[in-house]
Structures are given as C-alpha cells and as structure tokens.
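Take a look at the structure set out below.
Letters A, B, ... are given to chains in the order of the sequence lines, protein chains preceding strands, and every chain is numbered from 1. These numbers come from a predicted model, not from an experiment.
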Number of protein chains: 2
Amino acid sequence: MLSQNRQHNSQCEHCTLSSACQSERSNGELQLNHMPHRIYHRGETLYSMGSPFSALYILRSGSAKAYFSSYSGEEQISGFYYPGDLIGLDGFDADTHAYSLKFLETSSVCSIGVDEFNKTMGESAVLRKQILKSMSHAILGEQQQLFSVNKYTSEQRLAKFLLDLSNRFQQRGLSGKVFDLSMTRIDIANFLGMAIETISRLLGKLQQEGIIDVQRRQIRLLNKERLNDSLVADEPAFKAVMHRATSRQHSSQLSYA
Amino acid sequence: MLSQNRQHNSQCEHCTLSSACQSERSNGELQLNHMPHRIYHRGETLYSMGSPFSALYILRSGSAKAYFSSYSGEEQISGFYYPGDLIGLDGFDADTHAYSLKFLETSSVCSIGVDEFNKTMGESAVLRKQILKSMSHAILGEQQQLFSVNKYTSEQRLAKFLLDLSNRFQQRGLSGKVFDLSMTRIDIANFLGMAIETISRLLGKLQQEGIIDVQRRQIRLLNKERLNDSLVADEPAFKAVMHRATSRQHSSQLSYA
DNA sequence: CGTTCTATTGACATCATTCAACGCCGGTGG
DNA sequence: CCACCGGCGTTGAATGATGTCAATAGAACG
C-alpha cells in the first residue's frame, strides 16, 4: 500500500542510498551503478538464511520482514522493512546471510553488489559515514526493542509498535494516523514476543477505549496522545524521550534525513 | 579478574583493533597512533549518554557495562564488555553517545580518536571490512538476545547467559567452566529482563540440580551439557545451532579470530 | 562497627499463555 | 453461482510462570 502514495522517480539515483552519494557525485567523485529494479510479490524471498552474501538492497516500495528460522521451522521475526530501508547488512558478519527476507506485499528493490559497495566505501567518505550511522542506528534500535520487551507490559509493547509504525509512515510522507498493517497478527505476535490471542485482545481493548480503530488490517490512531501516555504512565519525565526514541523496528534507513 | 590471566604486551599495537591493522602495516600502508592506555576503576564512567562522540575504545582488561538511563534514573543494561571488545560504536548514530559506559572492575582501555579512525577507514580496506563485520555481528547479537527474551523462559535465558559468558571467557583463553561474575545480580536481572529474586531462585535451582555451583560471584559450570540441553529441551535439531550462535552479550569484539 | 548495598527466601498477586471453540473471509473447484 | 475449505482473527476459561511485597542476613565500605 505504501507504493501507491510514494512517487519514485524511475531512476535509481533517487534511491536513498544514492542520495547519500549524490552529494559526492556533485564533486564528480562517485558513480554508483545500481542493478535494475526488480519486483517481488507477496511471500517471495529476497534471500535466505545461509545463502551467500552478494549484494545490498534498498527497498523502494512495499514491505518485507526479516526472520531467522530455528530449523524446526519456527521463525523469529527480527524486523520489518519499509521503503527507503537498507537491507542486507546482516551479511557482513559471516559473508552469508544471517536471516531470511520475505516480502509482505508486492514490492520493488534495487541492489548494489558487495564488490561495488566495497569499492565505493573506499572512495566515498560520505557513504562510509552514512553506513556507520545506519548500522549504529540499527544496533540502537535493536537495543530499544530489547528494552521494550524487558520492561514493558504487552499493552505497552503493542502501543509502542503502533507508534513506531506511525512514525515510520510519517517519515515517509504518509499518514501517521491511518495506515494498513501489511503483516498478519501472527507476524506481529511473533515480533513482539507474545501470543496472537493477546494481540487480538489488546487491539480490542484499545478500540473499546476509543484510542484506536481497527478494521481488519486497517489501523486508525484516534488518540496518539493517550497511546503514548500508556508508555510512560507513571513516568512523566520519560514522556519526551519516548517521543524521540520511538523510531525503530529495524530501520536501517539511510537518508530521508 | 580477567586482567590477571591475560598477559598483554605493553604496546598498544597488540590491541585487537590494531591487530586488524597490522596485516596492513606489514604492507606499510597504515599507522595507527593510539592514545596511551588509561586505567579506570570500578564504578567509573568511560562516557555518558549524550556526551560528544570523540573516540572509539578497546577494552584491554577488566569489564564494563553499557546502559541507557530513562531519566527517572532507571537504567537498562544493553550489554557487557570484556577484553578485546570494541566500545563506542553507539556514537556514530548521532555523533553523541547513545548510552553510558561504566566499568565493573578495574580496567584498562586504549582509544582512537574519531578523526584518526575515519582517516584510517578511508585508507584501510581491511579495517573497513573488520568494522562492518563487527557491527553486523553486533546487530545479530542484539537480535539473538531479543529472540531469547521473546521465546525463552527465565530459566533458559539465565542458562543462555551463563553459556554466553562461558564462551566469551573461553574465546579469551580463560576457563569456560569456572569464572567470576563481575556484575551484580541486579545487573544480570536488569539485562535479562527479570526480577533479582528470580535470578536468585533459578541459580539456587540449578545448583540443587547439580548443574552449576555458585559461591557468591563465583560460578562453576559442572554440567554444560545439561545447561545447554535446557535451551533446546524439545528441539533436538536446534541444539547444534544454539551452540554456534551462543556468542553474544554485546561483543563487538574485533579480532581474536 | 554501623550503614548501605547485595543476596536469599517465602507468601501472594497477576499478567500473559494455553487450550478450545467459533466466526469471518478469500479462494478454489464443482 | 454456490459450497466447501484453510488461514486468519476473535473470544472465553483455566493454568502457570514470574513479578511484587516483605522480612532477613551477610558483605562491602568507609
């Protein structure tokens, strides 16, 4: 659903990764040759856990989930991706992908081969900075998530999840108040570490309280204030912080800054 | 306690970061001028959340914890560091430290200024690769931790924590069977997201079952097999994986590989 | 040596999972 | 076009794991 609202220029130079590079390009230093965009459909896989690490990707439209499966087939979702997000950083650790990536809806990605990436990293200080920043941000995001699982109740975690999504949509110029969930409740439950039933019940509860309105996959945030309040219930000073820190859910997004 | 066992040469060129560089140095390409080592004592702070990001550090001896505090003074520990670990990557996101770092015992660190680091990043492909690998590894480590909090019971989490520590000590050439905890139960509880009382009870339980032996801070793993079994109880195929994936608890360790 | 931090243990409360039944929707084939 | 079916989602009731509260004791530190 994101794809409709966001108008991409057809040239890949307008991807966020290359936007980092454009400032250099104006210096005449840099040439990134992205591979052509490629379209994937719901349920299709970009790469699988264990497969060789050959490229980095930027999601241009649609959405995806990263997950690793624990051989019994059980999967743990580690994050969701939205347009502009950089995908594939997991490959650097062992030159092999550490998790699998699957699309939640029809999506398009562009890619850059590792070799070219490495080459460019050597040439562009701006790219280096961007990548370090991006990875650092990803680490902090994971820690935030860890924090929220450790310290929050299920209700707070769900509230945070919704607010995070809202922020991510807003950053992309979409509505932060009304949006669709491209993932199933099962995915949400898996990601947040709770039972599907709990998700269901809590969404119901929030709806009854008039804080949100849920129609199938469509979410309408009627009262972001109160949703945010639940995160800081007894901690007034904490409120401001949360508002700042709320942008995660993997997000290795590069620019848009 | 780690400091006694590990004999560091007095020159900083033997730090793990520079060991990454030495291969290049033999090519005559690289010159890293680390600042002199500095000693810190228990409770002292290397840097605080929000302070300007000016350097990266490598822990040479001792141990430390990273945590961010939530203004009400409540802290969330995001990881523990041991000798060889690279510290400070959190600064890249906002040019400001995202969490605070405090030493758990007398420790020594060496540092490298960001400017010098950035310069070297431009010159050394090996360093770039190491850093990307290191950060990628850190991200995956966080995700592993997230997974364990999401899917494991308290007992499993504690078991995993002990095994992780054991592995980290072993990687450093120390005993993986007998070691001291440099952090308090409070820290452990905070990190693992459970109550101190639960830690206490579970340690007691494991001791009664003859799996471990606890004397104050000293831990003795009497039966690593069974400790590991509890992680995979009903999942035979999963066992092998866990063994591999078990090295985390922040660990942005660079080389030793 | 006393104050404070750390750790242990017991009794109780509670939030979230589990188990189970059911409804809804979309797809597919008769 | 309708009927069936499977995945997704909702709801209820019971169970259990873990947190909270409280009391106590030992270590660490000045």
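Atom pair B:Asp187:CG and C:dT6:P shows a separation of 8 Å (rounding to whole Å applied). One interatomic measurement links the two molecules: CG of A:Leu203 to P of D:dC8, which rounds to 16 Å at whole-angstrom precision. When rounded to the nearest whole Å, the span between CD of A:Gln207 and C1' of D:dT11 equals 14 Å. The separation between A:Arg217 atom CZ and C:dG26 atom C1' is 12 Å, rounded to whole Å. Rounding to whole angstrom units, CD1 of residue A:Ile196 and P of D:dG12 are separated by 17 Å. One interatomic measurement links the two molecules: CG of A:Leu202 to P of C:dA16, which rounds to 7 Å at whole-angstrom precision. Rounded to whole angstrom, the span from the CD atom of B:Gln218 across to the P atom of C:dA7 amounts to 15 Å. Atom P of nucleotide D:dA17 and atom NZ of B:Lys151 are separated by 19 Å, given to the nearest angstrom.
Taking five base pairs at each end of the helix from C:dC1-D:dG30 to C:dG30-D:dC1 and finding the rotation axis that steps the C1' atoms of four pairs onto the next four gives two axes whose angle is 40°, to the nearest 10°.
Note on B:Arg157: nothing from the nucleic acid sits closer than 4.0 angstrom, heavy atoms only. A:Ser200 comes within 4.0 angstrom of a base, heavy atoms only. Nucleic acid contact class of B:Gly43 (heavy atoms, under 4.0 Å, all strands): none. Backbone-only engagement by A:Ile186 is indicated by non-hydrogen atom pairs under 4.0 Å involving sugar-phosphate atoms exclusively.
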Legend entry - Footprint string (nucleotides 10-15 of chain C, 5' to 3'): B base within contact, S backbone only, - free, heavy atoms under 4.0 Å: BB----

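A close approach under 4.0 Å does not occur between any side-chain nitrogen or oxygen of A:Thr184 and OP1 or OP2 of D:dC8. Between D:dC29 and B:Arg42, a contact under 4.0 Å exists linking OP1 or OP2 to a side-chain N or O.
A salt bridge is absent between A:Asp85 and A:Arg60; no separation between the charged side-chain nitrogens and carboxylate oxygens falls under 4.0 Å.
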Inset, instruction - Please report the C-alpha distance between A:Tyr67 and A:Gln76 in whole Å, then the side-chain angles of each, then the deciding distance to 0.1 Å, and finally whether the side-chain contact (heavy atoms from CB on, under 4.5 Å) criterion is met. - result: CA-CA 5 Å; A:Tyr67 63 95; A:Gln76 163 69 28; 6.0 Å; no

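Proximity note for B:Arg216 (side chain, C-beta onward) versus C:dT17, D:dA27, C:dG26: the nearest is D:dA27.
The side-chain heavy atoms of B:Leu181 and B:Leu165, taken from C-beta on, include a pair separated by under 4.5 Å.
In B:Arg38, the CZ atom is not crowded: 12 or fewer heavy atoms of neighbouring residues, nucleotides or ligands sit closer than 6.0 Å. The neighbour count for B:Arg217 CZ, taken as heavy atoms of other residues, nucleotides or ligands under 6.0 Å away, is above 12.
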